[in-house]
Every structure is written in structure tokens, then in C-alpha cells.
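Working notes for the structure below.
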Amino acid sequence: MSRILVLGAAGLLGINLAIEASADHEVIGTVHRRRLQEAPFETVSTDLLEADALPALLDAAKPDWLINCAALADVDKCEDQPDLAQALNVELPGRLAKEATKRSIALVHISTDAVFDGEKGNYKEEDPAMPLNVYGHSKLDGEQAVLEAYPQAIVARVNFFGWGLDGQRSLAEFFYNKLSLDETALGLTDRYFSPLLVNDLSKLLLRILEEELSGLFHVASPSGMSKYDFAVALAKRFGFDEELVKPAKAETISYVAPRAADLRLDTKKLQLALGEEIPDVHSGIEGLHALRQQGYPDQLKAIANAKAALRDRFK
Ligand SMILES: NC(=O)c1ccc[n+]([C@@H]2O[C@H](COP(=O)([O-])OP(=O)(O)OC[C@H]3O[C@@H](n4cnc5c(N)ncnc54)[C@H](OP(=O)(O)O)[C@@H]3O)[C@@H](O)[C@H]2O)c1
């Protein structure tokens, strides 16, 4: 059993990772604006951008492992607020890496497939990164800041979907919410990705720490698909009308930040290092459905807001 500090434990990845890790480890999760009412792990409220927040947190928590899921992860917000993106996605990880290396704490820093321009697809770790937007640039600079300060740290480039605290954060929840109400949803036929179910991703990050790996890894599904195919696969698994998914091209949507076309990642380096098969997007959709059957989204709702969940139960 290790003592794990999860930064950003109320985010989509952070909450699922902290819950997965709590099964076998002692977990402390940091929260910021959102408070957690009934988390199955210890929480600490902190603004990680405050001067001295990090050293104080690390000295108090004394973790063996540190996983940084805190970020400005909204691509369009990064375009609108580049200074905040710089502070959260570049400077914070750099400071974190310095503090972690001083204390010999194993560090996983979470990065993204959006460091690539999406022209090629099936990107390997050594392929040149050429981000298209402020978010991608900030995440790439964050990776470099971490590995410069702490070369033994792990930087995991990820993409994921799953159930979150507010039921609205991930692409899977977007499609689920629309299709379950018999509403149509646009599925992009010219945007490709290779996402993992966030719970599978969480288990892989813990395996990476157990195996004491270091350096840059693509932690994604070994196979990818278009966002349209993802929506259709989800509709089929949940028994929704797949005709509700309308094929569309990305040019019909006006985003604030430019988006890359093909962000599928090659995961052979990770597969070789762990010596095991990595779950893929198809098994992830199965898992998403199984979690729904087990009432997992309601459990998350209860963690986010115990009183509201209790009220709903007795309505
Ligand atoms: N979501 C995806 O599909 C995706 C894809 C590729 C890579 N990633 C990467 O995966 C990681 C996790 O993403 P996510 O989607 O889970 O993000 P998220 O849901 O937006 O969570 C980010 C967390 O960071 C916390 N945070 C922000 N500012 C903070 C501050 N000043 N002090 C303390 N905590 C602060 C937020 O707390 P508050 O909201 O309370 O401020 C939030 O809980 C990020 O590194 C992201 O770049 C995500």
C-alpha cells in the first residue's frame, strides 16, 4: 500500500483515479472550488497557484506517489485565458517537479494528445509535437518543464472518457445525455482519437507507478476511431437509436480554439514496458455501460453533493 496524493481530485480524471486508487492505497485528494461531500478518500482544500501551497501540501501529506491531474483542461478557455493556462499547465507542473524531486516522490504528470497537429495520426512518443492551440502549447511546455526538473518523472499523454461528478464533462456523457433524451447529436466523421475509459486509464497510471517506469508515455487506446463512430458505438451499447447520431464535418462547428484532425496515439512503448495488453476504446465503452448498470454515476453524484443526492433519492 502506498500513500498517493492526487492533485485535482474533483476533476474528471482526478475523481475516478482517486476512487480507483482508494481500493488498494491510502489516498489524499486536493480540491479547489468544488468541495466533495462523501469522498471515499481524504480531501484537502487548496489553491495550487498560491505561493507556498505546494511545499506546505507535500510536507503535510508526505506522499510516496504524486499524480498531477490539476490543469486548465478546457481548450477554448485556454485560448481566452492564456495567462491562466501558462500558470496552471506550465509553471505549476514545473514547480511541482522541482518539489517532488527534492523529496524523492514518484511523480506522474498528465499531458495530452493535443500536443500534436493531427496531420499524421498514430503518433509515437518521439514524433515531433506541433500544437495548434494555446492549450496544446501550454501542455507541451508543461511536459518539458517537468522532465527538465525531474527526468525520472512520468509524463503520460492521455485521452479519456467516462462518468464525472457533474455528468457533463466528457464526450461520452455529452452523447449519453443527448441520446438518452432522444435528441440528435452531431458526430464528427473527420476527427479521430484513441480514448481510454477513465477507469482503465486510472488503473494503467497506477501500474506505471508500481512498475517504477519513467519518461514520456502515450497512455491511450491501442486502436482509435472517429468521434462519429464513437457516438454510434455508444448508442448501440446503450440501446439508443443510432440514427440520432448525425454525421458532420468539423468545419461546420465554430470553436474558439483550432482543433487537430487525427490525434490517435501509438501505445506500443507502454505495452512493451508493462508487458500486458492495454484495454481499448471498445472495451472502454463496455465498461462505461457496466458502470452505469452498477449505479456508478449516482455514486459520483452523491460524492459531489451528498445532500442533493439524498433529496433525489426520496423524491
Ligand atoms: N478531458 C479530456 O478529455 C482530456 C484529454 C486529454 C488530456 N487531458 C488532461 O488530463 C488532465 C485532467 O483533465 P480533466 O479533464 O480531468 O480536467 P478537469 O476535469 O478540468 O479537472 C482539472 C482539475 O484541476 C483543478 N484546478 C484548477 N485550478 C486549480 C487551482 N488553482 N488549484 C487547485 N486545483 C485547481 C480543478 O479544480 P476546480 O475546478 O475546483 O478549480 C479541477 O478539479 C489534464 O492535465 C488535461 O490536460 C484531458
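Worth saying up front: this structure is predicted, and the values here are computed from it rather than measured. One-based numbering, in listed order, for ligands and for the atoms of each. FYI, side chains are in, hydrogens and waters are out, and symmetry mates aren't considered; it's all heavy atoms of this structure.
Side chains of Ser283 and Asp280: a donor on one and an acceptor on the other come within 3.5 Å.
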Please produce the table of protein N or O atoms sitting under 3.5 Å from N or O atoms belonging to ligand 1, one pair a line, distance to 0.1 Å.
| unit_1 | atom_1 | unit_2 | atom_2 | d |
| --- | --- | --- | --- | --- |
| ligand 1 | 15 (O) | Arg169 | NH2 | 3.1 |
| ligand 1 | 16 (O) | Leu12 | N | 3.2 |
| ligand 1 | 16 (O) | Leu13 | N | 2.8 |
| ligand 1 | 19 (O) | Leu12 | N | 3.0 |
| ligand 1 | 19 (O) | Arg169 | NE | 3.0 |
| ligand 1 | 24 (O) | Ala71 | N | 3.3 |
| ligand 1 | 31 (N) | Asp47 | OD1 | 2.9 |
| ligand 1 | 32 (N) | Leu48 | N | 2.9 |
| ligand 1 | 39 (O) | Arg33 | NH2 | 3.0 |
| ligand 1 | 40 (O) | Arg33 | N | 2.7 |
| ligand 1 | 40 (O) | Arg34 | N | 3.2 |
| ligand 1 | 41 (O) | His32 | ND1 | 2.6 |
| ligand 1 | 41 (O) | Arg33 | NE | 3.0 |
| ligand 1 | 41 (O) | Arg33 | NH2 | 3.2 |
| ligand 1 | 43 (O) | Gly11 | N | 3.1 |
| ligand 1 | 45 (O) | Ile110 | O | 3.3 |
| ligand 1 | 45 (O) | Lys139 | NZ | 2.6 |
| ligand 1 | 47 (O) | Tyr135 | OH | 2.6 |
| ligand 1 | 47 (O) | Lys139 | NZ | 3.1 |

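Between Arg237 and Ile285 there is a side-chain heavy-atom pair separated by less than 4.5 Å.
Relative orientation of the Phe238 and Tyr176 rings is perpendicular, given thresholds of 30° and 60° on the angle between their planes.
Distance check: Ser111 OG to Leu216 CG gives 8.0 Å after rounding to the nearest 0.5 Å.
Other residues, nucleotides and ligands contribute over 12 non-hydrogen atoms within 6.0 Å of the CD atom of Glu126. Surrounding NZ of Lys77 are at most 12 heavy atoms belonging to other residues, nucleotides or ligands under 6.0 Å away.
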